[in-house]
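Take a look at the structure set out below.
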Number of protein chains: 2
Amino acid sequence: MVAESIRRSLEAGGLRCTPQRYAVMAFLTEHARHPTAAEIFEGVNLVDPRSSRATTYNNLRDLVKAGLVREVAVEGRAARFDAKIMRHHHFICDRCGNVEDMEWYDVPRPASGSLGKRVLRECELIFRGFCTKCAPRRASRLDAARRVDAG
Amino acid sequence: MVAESIRRSLEAGGLRCTPQRYAVMAFLTEHARHPTAAEIFEGVNLVDPRSSRATTYNNLRDLVKAGLVREVAVEGRAARFDAKIMRHHHFICDRCGNVEDMEWYDVPRPASGSLGKRVLRECELIFRGFCTKCAPRRASRLDAARRVDAG
DNA sequence: TATCACATTAGATATAATCTAAATCCTTCA
DNA sequence: TGAAGGATTTAGATTATATCTAATGTGATA
C-alpha cells in the first residue's frame with residue numbers, strides 16, 4: 001500500500017507525516033515527470049487546498065535533506081524535484097528544460113589522487129540534448145554545432 | 001598571446017570582439033574558480049567600469065550559446081560559469097556551493113535502446129560532496145547519513 | 001491538561017535573471 | 001565621406017524563484 005510506504009519512509013527520515021508533507025511526497029511519487037516547486041504546490045492544492053507555498057518549499061527542502069527526494073537544478077529555469085524511488089541518471093532537454101529519467105548504470109569513480117581532501121558523497125551523470133518531443137523541432141541555432149562530441 | 005586567442009575564439013563563435021565581451025571572456029580565463037554572473041560583473045567593472053549588468057548577462061548567454069563557456073546550475077544558488085578551455089568534470093560542494101574542476105575521463109554512454117528518439121549532445125559527470133575547505137567543518141546534519149553510496 | 005518542539009501560514013522580502021526602449025557603436029557600401 | 005542598418009550596450013523596470021518573519025496551530029508526552 002502506497003500510503004503506508006510513504007508514511008514509513010517519512011518517519012525513517014526523521015520527519016513527521018503531516019498532511020502537507022505527505023501530499024508533497026505522494027504527488028512526487030505519482031508524477032514522475034520531475035515537477036517544479038510551483039507545479040507541486042499547485043498540484044497538491046488542487047486535490048486539497050490546505051498547503052501554503054512556504055510549506056511546500058520547506059517540505060521539499062526537508063525531504064531533500066532527508067535523502068527522500070532529489071533536486072535537479074536546470075540552467076536558467078526553476079529547479080525540478082524527483083522522488084528517489086530507484087537509482088537513475090537524468091536527461092535534461094536543452095530546448096524545453098524538461099528532465100527525464102534514464103536507466104541507471106555504474107559510473108567510474110574519479111582517480112583517488114584527484115579527490116585530495118574532498119569528501120565524495122554522490123556521482124551523477126547528466127545527459128543533455130533534445131527530448132523526444134523537442135528533437136524534431138529543435139532550435140536551429142543549437143542544431144548544427146556540436147551533436148555528441150559527448151564523451 | 002592570450003588577448004589574441006580570446007579574440008580569435010570569439011570570432012570563430014560568430015561574435016564580435018567588443019570590449020565588454022572580451023572582458024567577460026578574459027575574466028573567465030583568468031579566474032578558473034567558476035564565478036557567478038554577479039562576480040563576473042563586479043570583477044570586470046573593477047578593472048574598467050564600462051559594462052552593465054544586462055550586458056554581462058547577455059554576453060554570458062551568447063558565450064554559452066556559442067559553446068565557449070559552460071554554465072553550471074547549482075541547487076538553490078546562482079549559476080556558475082566556466083571558460084571551456086579543456087574538457088573536465090565538475091565537483092559541487094554541498095556546503096558552500098563552490099564548483100571545482102575535476103580531471104576529465106571518458107564516461108560510458110547510455111545503452112542505445114534507452115535513448116529512443118532523444119538526441120544526445122553532452123554527457124557530464126557531476127560529483128557532490130564537501131570541498132577541501134568545507135570537509136573539516138562539514139555540516140553535522142549532512143554529515144552522518146549517506147557518505148558515498150555514490151555509484 | 002500543560003508544555004514544548006515541530007509545522008504551517010500569509011505576506012513581505014531577497015535574490016537571480018530577463019525585458020524594454022532608447023542610445024551608441026560598427027560595418028558596409030554607395 | 002557619410003548614410004543606413006544591424007549588432008551591442010545601457011539604466012532601470014520587471015519577472016521569476018525562493019526564502020524569511022512572526023504569529024499561529026498541532027500533536028506527543030508527562
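Each chain gets a letter, A, B and so on, in the order the sequences are listed, and its residues count up from 1.
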[atom1] of [X] versus [atom2] of [N]: gap in Å, rounded?
| X | N | atom1 | atom2 | answer |
| --- | --- | --- | --- | --- |
| B:Arg50 | D:dT9 | CZ | C1' | 11 Å |
| B:Arg21 | D:dT10 | CZ | P | 12 Å |
| B:Lys65 | D:dA7 | NZ | C1' | 13 Å |
| B:Glu75 | C:dA16 | CD | P | 15 Å |
| B:Phe81 | C:dA16 | CZ | P | 12 Å |
| B:Leu63 | D:dT8 | CG | C1' | 13 Å |
| B:Tyr22 | D:dT8 | OH | P | 18 Å |
| A:Leu15 | C:dT8 | CG | P | 10 Å |

Reckon [X] has a side-chain N or O less than 4.0 Å from the OP1 or OP2 of [N]?
| X | N | result |
| --- | --- | --- |
| B:Thr18 | D:dT9 | yes |
| B:Gln20 | D:dT10 | yes |
| B:Ser52 | D:dT10 | yes |
| B:Asn59 | D:dT9 | yes |

From [options], nucleotide with atom closest to [X] side chain:
| X | options | answer |
| --- | --- | --- |
| A:Arg16 | D:dT26, D:dA11, C:dT27 | D:dT26 |
| A:Ala37 | D:dA18, D:dT9, C:dT9 | D:dA18 |
| B:Ala54 | D:dT9, C:dA17, D:dA11 | D:dA11 |
| B:Tyr57 | D:dC20, C:dT18, C:dT8 | C:dT18 |

Reckon [X] touches a base, only the sugar-phosphate, or nothing at all at heavy-atom distances under 4.0 Å?
| X | result |
| --- | --- |
| A:Ser51 | sugar-phosphate |
| B:Ala38 | nothing |
| B:Ala78 | sugar-phosphate |

Quiz prompt | Criterion side-chain hydrogen bond (donor to acceptor under 3.5 Å, both in side chains) against A:Asn98, the qualifying member of A:Arg80, A:Lys133, A:Arg33, A:His34 | solution = A:Arg80
Exercise. State, to 0.1 Å, how close A:Met102 and B:Pro110 come at their nearest heavy-atom pair, and which atoms those are.
Key: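 Closest pair (atom of A:Met102, atom of B:Pro110, distance): CE-CB, 4.0 Å.
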Quiz item: Take atom CD in B:Glu42; do more than 12 heavy atoms of anything else shown fall under 6.0 Å from it?
Solution: no
Donor-acceptor pairs under 3.5 Å, side chain of residues 8-18 of chain A to any protein atom, not counting sequence neighbours: which ones?
residue	atom	partner	partner atom	Å
A:Ser9	OG	A:Ser5	O	3.2
A:Ser9	OG	A:Ile6	O	3.1
A:Thr18	OG1	A:Arg21	N	3.1

Quiz item: Does A:His88 have any side-chain hydrogen bond (donor to acceptor under 3.5 Å, both in side chains) partners at least two apart in sequence or in another chain, and if so, which?
Solution: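 With sequence neighbours excluded, A:His88 shows a side-chain hydrogen bond (donor to acceptor under 3.5 Å, both in side chains) to A:Asp82, A:His90, A:Asp101, given in chain and number order.
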Self-check item: Toward the 5' end of DNA chain C, by each residue's nearest nucleotide, B:Arg53 or A:Gly14
Solution: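 Of the two residues, A:Gly14 wins.
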